[in-house]
J.: 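First the structure, then my questions, so here it is.
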Amino acid sequence: MNTTTVNPIEIYTDGACKGNPGPGGWGVMLRSGSTVKELFGGEPTTTNNRMELTAVIEGLAALKRPCTVTLYLDSEYVRKGITEWISGWKARGWRTAAKAPVKNVDLWQKLDALVAGGGHTIDWRWVKGHAGDPGNERADALANLGVDSVRR
């Protein structure tokens, strides 16, 4: 791939839920050089894991061309799901090793399609949540705006 046409970008994502299930929100901060773009949204009844997944999906969907992505997230569920577990789930027809249906399969399939079809190189980096990482703190604040947007 010609690296001169690939944009390096950092994406910070987070999900939030007030009650689990309950009103939830997702937040994304994208940074490329000095350019920053922020996104957020919410759902009136959802779970924390669905919002974590939605944040990553929305962040990747916002990219208009192939990028070299460093994606920071505080969800081991999403990081391990996409980097370790998904190939087994797909091989078993979207079933877990215990033969149970994969939870949030609709979102996992969306994320899988974005990762496979986006042309991106993605470095998945876990960060400890609520530990002072500025990008994660901003994504958390955006996710909480998403919660507020559906609680009115």
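Excluded from the calculations below are hydrogen atoms, water molecules and symmetry mates; all remaining heavy atoms, backbone and side chain alike, are included.
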J.: Mind checking what makes ring-ring contact (aromatic ring centres under 6.0 Å, His included) contact with Y12, not counting sequence neighbours?
T.: Y72
J.: Test your reading of the model: is there a side-chain donor-acceptor pair from T45 to the backbone of P21, 3.5 Å cut-off?
T.: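 Between the backbone of P21 and the side chain of T45 there is no qualifying donor-acceptor contact (under 3.5 Å).
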J.: Starting at CD of E58, measure out to CG of L53 and round the result to the nearest 0.5 Å.
T.: 11.5 Å
J.: Calculate, to the nearest 0.5 Å, the distance between atoms CG and OG belonging to N48 and S75 respectively.
T.: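 Rounded to the nearest 0.5 Å, the CG-OG separation comes to 7.5 Å.
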J.: Tell me every residue that passes side chain to side chain donor-acceptor pair (under 3.5 Å) with N136, counting only those two or more places apart in sequence or in another chain.
T.: D74
J.: Taking salt bridge (charged side-chain N to carboxylate O under 4.0 Å, His left out) as the cut-off, I'd like each qualifying pair that reaches into residues 117-137, sequence neighbours left out, listed once.
T.: D123-R125
J.: Verify the cluster assignment for L30 and I122: are they in a single hydrophobic cluster under the rule of side-chain heavy atoms below 4.5 Å apart?
T.: yes
J.: Using modelled atom types and a 3.5 Å cut-off, is there a donor and acceptor pairing between side-chain atoms of T54 and backbone atoms of M51?
T.: no
J.: Kindly write out the residues that satisfy side chain to side chain contact (heavy atoms under 4.5 Å, CB included) with W85, not counting sequence neighbours, or none if the list is empty.
T.: Y77, K80, W89
J.: Mind listing the closest non-hydrogen atom pair of L114 and I57 along with its distance?
T.: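 Closest approach of L114 to I57, heavy atoms only: CD1-O, 3.5 Å.
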J.: In terms of hydrophobic clustering (I, L, V, M, F, W, Y; side-chain heavy atoms under 4.5 Å; direct or indirect links), are W94 and V115 co-clustered?
T.: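 Yes; tracing contacts between hydrophobic side chains, which count when under 4.5 Å, links both residues.
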J.: In this structure, would W126 and M29 fall into the same cluster of hydrophobic residues linked by side-chain contacts under 4.5 Å?
T.: no
J.: Hydrophobic clusters here meaning ILVMFWY residues chained together by side-chain heavy-atom distances under 4.5 Å, can you tell me if L145 and L39 are in one?
T.: no
J.: Suppose the criterion is salt bridge (charged side-chain N to carboxylate O under 4.0 Å, His left out): which pairs have a residue in residues 28-51, not counting sequence neighbours?
T.: E10-R31, E38-R138, R50-D106
J.: What is the distance from atom CD1 of I11 to atom SG of C67, rounded to the nearest 0.5 Å?
T.: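 Going from the CD1 atom of I11 to the SG atom of C67 covers 7.5 Å.
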J.: Can you tell me how far CD of E76 sits from OG1 of T83, rounded to the nearest 0.5 angstrom?
T.: 8.5 Å
J.: Going from CG on L60 to NZ on K110, what distance comes out if it is rounded to the nearest 0.5 angstrom?
T.: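 It is 13.0 Å, given to the nearest 0.5 Å.
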J.: What salt bridge (charged side-chain N to carboxylate O under 4.0 Å, His left out) pairs are there with at least one residue in residues 81-105, not counting sequence neighbours?
T.: K90-D112
